[in-house]
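To start, the structure itself, in structure tokens.
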Amino acid sequence: MNNVINNLINSLAGEFKKYELDEKIQFSLSKIGGYDLQINNLVKHNKSDYFHELQENVIKTINSSNIFLPVVKNDIGFLNLNLNHIYLMKNITNTQSDFENKNKSKIIFDYGGPNIGKPLHVGHMRTLNIGRSLYNIHSFIGNEVVSDIHLGDWGMPIAQIITYLEKEAIEPQSLDSSQLEIIYPKSSEEYRQNKDFKTRAQEINKLLNNNDQQLLKTWESIKELSVNSLKENFAILNHSFDYWLGESDVNNLIPKMIDELLKNEKIVYDDGALISEEDTDPKILITKSDGSYLYITTDLATILFRQKNIGYDKTFYIVDNRQSLHFEQLFSSIKFFEFNNLEHEHISYGTLNDRDGNPYKTRDGGTKPLSELFEETYKYIKEINNALDDSIISQLTNSVLTYSDLITNRKTDYKFDLEKFTNVNGKTGIYAQYSQVRAKKLLDNIENNNNELNNLTLNDVDKKLLSKLYLFSYFIEQSALLNEPHHLANYLYEISNLFNQFYESEKILEIDNSDRLSSKIYITNLFLTTSQNVMWCLGMTPVKKM
RNA sequence: GCUCUCGUAGCUCAAAUGGAUAGAGCAACAGACUUCUAAUCUGUAGGUUAUAGGUUCGAGUCCUAUCGAGAGCGCCA
């Protein structure tokens, strides 16, 4: 919540304590028409003898704060609240300065996770969108944020590619990125079909783990090619990362880590493989029987790396929920191995399915590249308005790809539907952009849009919009607390829709009463600020015109 | 077989910590443009929250069972 409401919550903190209750006043969105917020957590005390006293004290404190109009109570114990727009006008700006974070955390966002040698495909979209949005949201409310792409630059997929190059006698230095992208599906096919190829790939994987110099050279040139291509793609899609670390960066920490774990009897040999001594079902496999490393091996080493070189309070892994068992094992291993007691959370999300509800395969050929989806969306928007600059169409395309993805709760599976992505009606990025452009143009058309505002003069539509704008902090808190951007995405639709009602209800340029005009301008400005900040939190770039 | 997630309007989804009359968008139907950008707005219709029990002042939300869907289950990541 913003400072204004947090201060009120703090000044209410003692009320429950008087009756030895460990509770805090909680504001919820009102479910009753005509009110902005409600307080529900007094209801359960309505049979107690201190109820009336408690209720009266709470009401008294709230009323003296001026944040709300006089509280309306009901017999059961609900408190109904309407925001005091006049007071809030002077105290809320909907900018970052409204949020002061006394308990700020340093959070690592581990997301993206592309594999080198493979182009980005539609399956990468959710981790990128959700990751970027959560990064921005936590940054906005004052947490220290760090993103790490956690590149898949090690292990079997890379070994497969190198094996393929070796077999076909292709010089790695002669490759370009598009050739490399074709090689990946071919090599993974060979790996499945051809026993000799599989054996050789496993050999190469192990040699790489043991730092074979010749293979490392090959690996390095593949990685460079791939990273450059990824960066080009991210520039188009507006993604960036603080750290471009990968699985390879922790490879050298693993032998020591394993030695220590063996020494402390945290892991034991089992048919040549190493398994954790933790009592779990299934048992946690730490290395393969040939000694080579697994997903969890590098992830564990990554914890040690980050602890030492970056430092953090929390790490959020934005990875799809099919990998929940892996993270369950990883997190319990961190504790069992006594690495640290820091917070680690798997921010899981639903599978991106195709139109018929079938999952896209990640390791097969024939998946849809993300760039292709971008192109299709771009063309679609250009057809609607081909007078726009390329850069604006590009931003609108990103808005569509981002917003359509974030409007749905991350936990539910997602049907990829081109029509839904490109729809320009309803809850879409285009609609939000359009609303904002309308507001900008309106302010441009007003000669003096910085005029002094003494009194708010409001009609019903004004009040509705203003209330919603002042609730920005409620929605950003919700999104940050649950790591769910869809609350903010939906909020963006709501304020956009209310703004459009506000805009259409009256010709603002024709208002001659100066108080009323000032009020309209104030609201429009606040809408613009809010909408821009919400877009920033979601990872969208506002356009100037459309 | 075991474990986990889920089941809300024709479709896609909301409803944090249990709270008052379960809300949006799309699609459908009816209306509003010589416009401060109609890529907009207004209205109508649509529900036994899978089913059956239970917990309590109160359940879409918690518990149990059943039915249905999806995912995962030591040598891929």
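Please read all numbers here as calculations on a predicted model, not as lab measurements. Naming convention: chains lettered A, B, ... in sequence-line order (proteins, then strands); numbering from 1 in each chain.
Per the stacking criterion (ring centres < 5.5 Å, plane angle < 30°), A/Phe78 stacks onto the base of B/A20.
Cation-pi geometry between A/Lys427 and A/Tyr493 is satisfied (NZ or CZ under 6.0 Å from the ring centre, within 45° of the ring normal).
OP1 and OP2 of B/A77 both lie 4.0 Å or more from every side-chain N or O belonging to A/Gln323. Using a 4.0 Å cut-off, some side-chain N or O of A/Asn500 falls inside it from OP1 or OP2 of B/C41. Between A/Asn385 and B/U37 there is no side-chain N or O to OP1 or OP2 distance below 4.0 Å. For the pair A/Lys31 and B/A20, the criterion of a side-chain N or O lying under 4.0 Å from OP1 or OP2 is met.
Within 4.0 Å (heavy atoms only), A/Glu328 reaches no atom of the nucleic acid at all.
Evaluated for a side-chain contact (heavy atoms from CB on, under 4.5 Å) with A/Tyr378, the options A/Ile393, A/Leu373, A/Val400 yield exactly one hit, A/Ile393.
A straight line from CD of A/Gln202 to P of B/C75 spans 12 Å, rounded to a whole angstrom. As rounded to whole Å, 14 Å separates atom P of B/U5 from atom CZ of A/Arg410. One atom, CZ of A/Phe527, and another, C1' of B/U40, lie 13 Å apart when rounded to the nearest Å. Atom NZ in A/Lys198 sits about 10 Å away from atom P in B/C75, given to the nearest Å. Atom CG in A/Asn41 sits roughly 13 Å away from atom C1' in B/A16 (whole-Å rounding).
Aromatic pair A/His150/A/Tyr111: ring centres not closer than 6.0 Å.
A heavy atom closer than 4.0 Å to some atom of RNA chain B occurs in A/His487, A/Tyr493, these being the qualifying members of residues 487-495 of chain A.
Distance noted for atom P between B/U17 and B/G7: 13 Å (whole Å). Rounded to whole Å, the separation between the P atoms of B/C26 and B/U51 comes to 28 Å.
With sequence neighbours excluded, the residues that form a ring pair (Phe, Tyr, Trp, His ring centres under 6.0 Å) with A/His346 are A/Phe327.
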**Report entry** Watson-Crick or G-U pairs under 3.5 Å in RNA chain B, rendered as dot-bracket with [ ] for crossing pairs and | for another strand
**Finding:** (((((((..((((.....[...)))).(((((.......))))).....(((((..]....))))))))))))....

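Residue A/Leu388 has its side chain nearest to B/A39 when only B/C75, B/U40, B/A39 are considered.
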